Amino acid sequence: MDTQVSQEWQKLNYDIYTLRQTRKEVRSRWKHILEDLGFQKEADSLLSVTKLSIISDSQNMSKARDILLKLSEETNIFPTSWELSERYLFVVDRLIALDAADEFFRMASTVYPKRPSGDRADKSQKAPRCISVVVP
């Protein structure tokens with residue numbers, strides 16, 4: 001019984017480690033593009049999302065969602081198994097407010113182009129998930 005529990009803990013620890021590494025990689029990709037767009041000093045604050053974060057303009061919500069889904073579908077900025085995070089909806093909203101969202105998408109498309117379906121390293125490609133956010 002102890003061996004089974006130990007193996008379950010090992011698997012859980014590995015899953016947590018893998019998730020953390022994936023999150024770091026995604027954040028690093030976003031930061032790289034933000035810095036290339038000239039936001040060297042602002043990159044960390046643009047990527048910082050907390051429970052207190054709000055959408056700057058509710059009218060931007062739809063555009064932010066569209067851009068995020070487009071990033072997911074047309075670039076490799078997110079890993080193929082990544083479930084879209086609300087965190088990046090806030091980041092895209094900030095980019096819209098700075099009038100940099102379209103340029104971010106263009107750069108992401110160049111730096112992290114979508115591989116043709118036959119070239120996928122991960123054969124378990126999942127369809128992008130819809131993002132639902134409740135705006136107060």
Side-chain angles (χ1 to χ4, degrees):
M1 187 69 169
D2 288 338
T3 304
Q4 182 180 359
V5 171
S6 177
Q7 288 174 343
E8 288 174 7
W9 273 108
Q10 284 180 330
K11 183 182 180 337
L12 180 61
N13 282 332
Y14 177 78
D15 290 346
I16 291 169
Y17 172 80
T18 302
L19 179 62
R20 285 183 178 156
Q21 290 304 110
T22 302
R23 286 181 178 170
K24 283 181 185 178
E25 176 62 26
V26 170
R27 188 180 195 287
S28 173
R29 291 175 183 182
W30 280 72
K31 186 174 180 177
H32 173 252
I33 293 173
L34 289 170
E35 289 173 344
D36 284 354
L37 288 174
F39 295 108
Q40 290 87 359
K41 294 179 181 176
E42 301 89 352
D44 286 325
S45 62
L46 286 169
L47 290 169
S48 177
V49 176
T50 68
K51 292 179 182 179
L52 301 176
S53 297
I54 58 169
I55 297 293
S56 65
D57 181 349
S58 61
Q59 292 179 338
N60 287 345
M61 177 61 74
S62 177
K63 183 175 182 182
R65 187 179 294 116
D66 290 346
I67 291 171
L68 189 59
L69 289 172
K70 193 172 170 184
L71 281 164
S72 172
E73 293 168 356
E74 298 180 23
T75 74
N76 273 333
I77 196 163
F78 296 111
T80 54
S81 61
W82 184 263
E83 198 167 315
L84 290 179
S85 169
E86 188 176 302
R87 162 182 302 277
Y88 291 99
L89 190 63
F90 286 95
V91 177
V92 173
D93 172 66
R94 293 169 184 167
L95 292 173
I96 291 170
L98 294 168
D99 199 29
D102 292 330
E103 186 61 30
F104 184 93
F105 175 79
R106 280 192 288 279
M107 188 164 290
S109 297
T110 301
V111 177
Y112 301 105
K114 193 66 148 184
R115 287 186 241 150
S117 58
D119 291 347
R120 279 195 200 112
D122 179 6
K123 301 293 184 195
S124 62
Q125 171 90 11
K126 293 182 182 176
R129 305 247 164 71
C130 292
I131 306 162
S132 60
V133 176
V134 177
V135 179

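Only heavy atoms go into these numbers, but all of them, side chains included; no hydrogens, no water, no symmetry mates. Since the structure is predicted, the reported quantities are computational estimates derived from the model, not experimental observations.
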- Task: Starting at CZ of F90, measure out to CE of M61 and round the result to the nearest 0.5 Å.
- Result: 6.5 Å

- Closest heavy-atom contact between Q40 and E35? NE2-O, 3.1 Å

- Note on the structure: Closest non-hydrogen contact found for I77 with A108 is CD1-CB, 4.2 Å

- Separation between NZ (K114) and CG (L71), nearest 0.5 Å, reads 10.5 Å

- Message: If the threshold is 4.0 Å, N to carboxylate O, is there a salt bridge linking R27 and D44?
- Response: yes

- Item | Shortest non-hydrogen contact from R87 toward L47 | NH1-O, 3.5 Å

- Item | Closest non-hydrogen atom pair between I67 and A101, with its separation | CD1-CB, 3.7 Å

- Task: Rounded to the nearest 0.5 Å, what's the gap from CZ on R106 to OG1 on T75? Could you check?
- Result: 14.0 Å

- Is there a side-chain contact (heavy atoms from CB on, under 4.5 Å) between F104 and I96 once you walk through the steps? CA-CA 10 Å; F104 184 93; I96 291 170; over 6 Å; no

- Query: How about Q59: does its CD atom have over 12 heavy atoms from other parts shown lying under 6.0 Å from it?
  - Reply: no

- Of the non-hydrogen atoms in M107 and D36, which two are nearest, and what is the gap between them? SD-CB, 3.4 Å

- Message: Quick check for you: to the nearest 0.5 Å, what is the distance between L46 atom CG and L37 atom CG?
- Response: 10.0 Å

- Angle class for the Y88/F78 ring planes (parallel below 30°, perpendicular above 60°, tilted otherwise)? perpendicular

- Spell out, as yes or no, whether a donor-acceptor pair under 3.5 Å connects the side chain of R29 to the backbone of V111. no

- Within the side chain of S72, is there an N or O that forms a donor-acceptor pair under 3.5 Å with the backbone of L68? no

- Check whether any side-chain heavy atom of L95 lies under 4.5 Å from a side-chain heavy atom of L34, and answer yes or no. yes

Cut-off 3.5 Å, no hydrogens considered: what does the side-chain donor-acceptor table look like for residues 13-21, sequence neighbours left out?
unit_1	atom_1	unit_2	atom_2	d
N13	ND2	W9	O	3.3
D15	OD2	K11	NZ	2.9
T18	OG1	Y14	O	2.8

- Taking the side chain as every heavy atom from C-beta outward, state whether L69 and L84 have any pair of such atoms under 4.5 Å apart. yes

- Nearest 0.5 Å, what's the OG-CZ distance between S48 and R94? 6.5 Å

- Quick one: pull up CG in L98 and CD in E103 and give me the separation to the nearest 0.5 Å. 13.0 Å

- Over all atoms of both residues, closest heavy-atom pair of P79 and V26: CD-CG2, 3.4 Å

